[in-house]
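Step one of this worksheet: look at the structure below.
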Amino acid sequence: MEKILSEEALSCFRQLTAEAQHIVICAHVNPDGDALGSSLAMKKYLSREGKDVQVVVPTSFPDFLRWLPGATEVKVYARHEAEVADVVKAADLFLVADFNDPSRLMGLQETVMDNPAPKIMIDHHTAPSDFCQIVASRPEMCATAEVWCHLLDQMGELEHISHDEAVCIYTAMMCDTGAFTYASNRPAVYECIGKLLACGIDKDKIYRNVFWTASPARMKLMGYMLYVKMELVPQMHASIMTLTNSERRLFGIKNGDTEGFVNMPLQIMGMRLSVFLAEDTEHPGVIKVSLRSVDDFPCNEMAARFFNGGGHKNASGGRLQCNMEEAVKTVKNAIRAYETLLK
Ligand code: 5GP
Ligand code: MN
């Protein structure tokens, strides 16, 4: 297992958590399995320490994560703005989970940043912004939950975690690695998994709960996307797929039903880059961009340069303020700009 914090930072972490009474753990907009799983695991640990702890997210999370132990207690700002804002205002300590820039909090950003309470970042994205007193940022790790797992070990707490805590950590790591099919070659990942399995978790059931559970609407949309909407740029080894809100309505698509669609074109032999464009359900005129790549293609660079975003080398995203037609044009420009790497 790996050390996450220096001795000095660790004692600061212990002091801040010991002194706090009302801790808010916040995760990023459109929380994924890692954001939610790592936040819930942190909540379970801090609750055992006798703290009042709330997990707060800007927008709701997909249905396939609703079974996670504690998920129903997560406070969703988009659903209960006033109530969640009050919880945030009352916090005397923040844990920043699975993001590293306040802008990822969207509508919650101002309320969180206006509260002067100390902030502790636990994350695995590159280039963290400077807004936290303690920064546990390890971009080489597969998930924020992996960072948390090592940190629990460093604190001598990993032996004491509950079955539910282990489930949350494992689920988070599994989600951010596509069930350990990418970003998961470090042996330390499997040291963590060994410790989690020793808590009695059923990893096969967790896999089924997350990856092998779909609504009829999702299955039908998947077929439509692959058959009708997947546009290949074969000479560039790239693929573009688009989804509009009227298509969402046509298929009866719910939040989370399109999870993982961006990965599908990468199954095509030789494909290096997949781009998925979706109209934002909450912000008209905004297109959410998702990028996935294989091997060395840096889609986080592309996301920063063309899509006002960022992320990991092989999985990143961003946003465009335009209509779908213009967004596709921007994607084609981006692909052309990276011709030498893609061809
Ligand atoms: P997804 O395509 O699943 O929405 O996002 C994949 C990854 O890209 C996320 O884990 C996150 O690291 C990054 N990402 C997605 N959207 C944005 C964005 O708008 N800004 C930044 N900086 N990163 C993003
Ligand atoms: Mn993550």
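In what follows, residues are counted from 1 in the order of the sequence shown. When a ligand or atom number is given, it counts from 1 through the structure's own listing order.
Between F180 and Y170, the ring planes lie tilted relative to each other; the angle falls in the 30° to 60° range. Below 30°, between 30° and 60°, or above 60°: for Y45 and W148 the angle between ring planes is above 60°, a perpendicular geometry. Note: F251 and Y224 have tilted aromatic rings, judged against thresholds of 30 and 60 degrees for the angle between ring planes. By the 30° and 60° cut-offs, the orientation of the rings of H312 relative to H124 is tilted.
Not one N or O of N308 is nearer than 3.5 Å to an N or O of ligand 1, by distance alone. For ligand 1, the polar-atom distance check against G317 finds a nitrogen or oxygen pair separated by under 3.5 Å. No N or O atom of D32 sits closer than 3.5 Å to an N or O atom of ligand 1.
No donor-acceptor pair under 3.5 Å is formed between the side chain of K89 and the backbone N or O of D114. H150 places a side-chain N or O within donor-acceptor distance of the main-chain N or O of E2, the cut-off being under 3.5 Å. Looking at D123, its side chain does come within 3.5 Å of a backbone N or O of F99 through a donor-acceptor pair.
The side chain to side chain contact (heavy atoms under 4.5 Å, CB included) test with S239 is passed by exactly one of L232, L273, V275: L232.
Regarding atom 10 (O) of ligand 1, its nearest protein heavy-atom neighbour is H125 NE2, 3.8 Å. For atom 6 (C) of ligand 1, the nearest protein heavy atom (residue, atom name, distance) is R292 NH1, 3.7 Å. At the shortest separation from atom 4 (O) of ligand 1 among protein heavy atoms lies K288 NZ, 3.2 Å. The protein heavy atom nearest to atom 13 (C) of ligand 1 is G310 O, 3.4 Å. Scanning the protein for heavy atoms near atom 2 (O) of ligand 1, the closest one is S290 OG, 2.6 Å. Here the heavy atom of the protein found nearest to atom 20 (N) of ligand 1 is G309 CA, 3.6 Å. Shortest contact from atom 19 (O) of ligand 1 to any protein heavy atom: G318 CA, 3.5 Å.
When the heavy-atom distances from atom 17 (C) of ligand 1 to R104, R319, H312 are ranked, the shortest goes to R104.
Among the heteroatoms counted here (N, O or S) of D98, OD1 is the one nearest to the Mn ion (ligand 2). Looking at D176 and the Mn ion (ligand 2) together, the shortest N, O or S contact belongs to OD2. Considering just the N/O/S atoms of D34, the one nearest the Mn ion (ligand 2) carries the name OD2.
Under a 4.0 Å heavy-atom criterion, H28 is not in contact with ligand 1.
The Mn ion (ligand 2) has an N, O or S atom of H124 inside 2.8 Å of it.
Shown here for S39 and I25, the closest heavy-atom pair between the two residues is O-CD1, 3.6 Å.
Judged by the 6.0 Å distance and 45° axis criteria, R319 is not positioned over the aromatic ring of F307.
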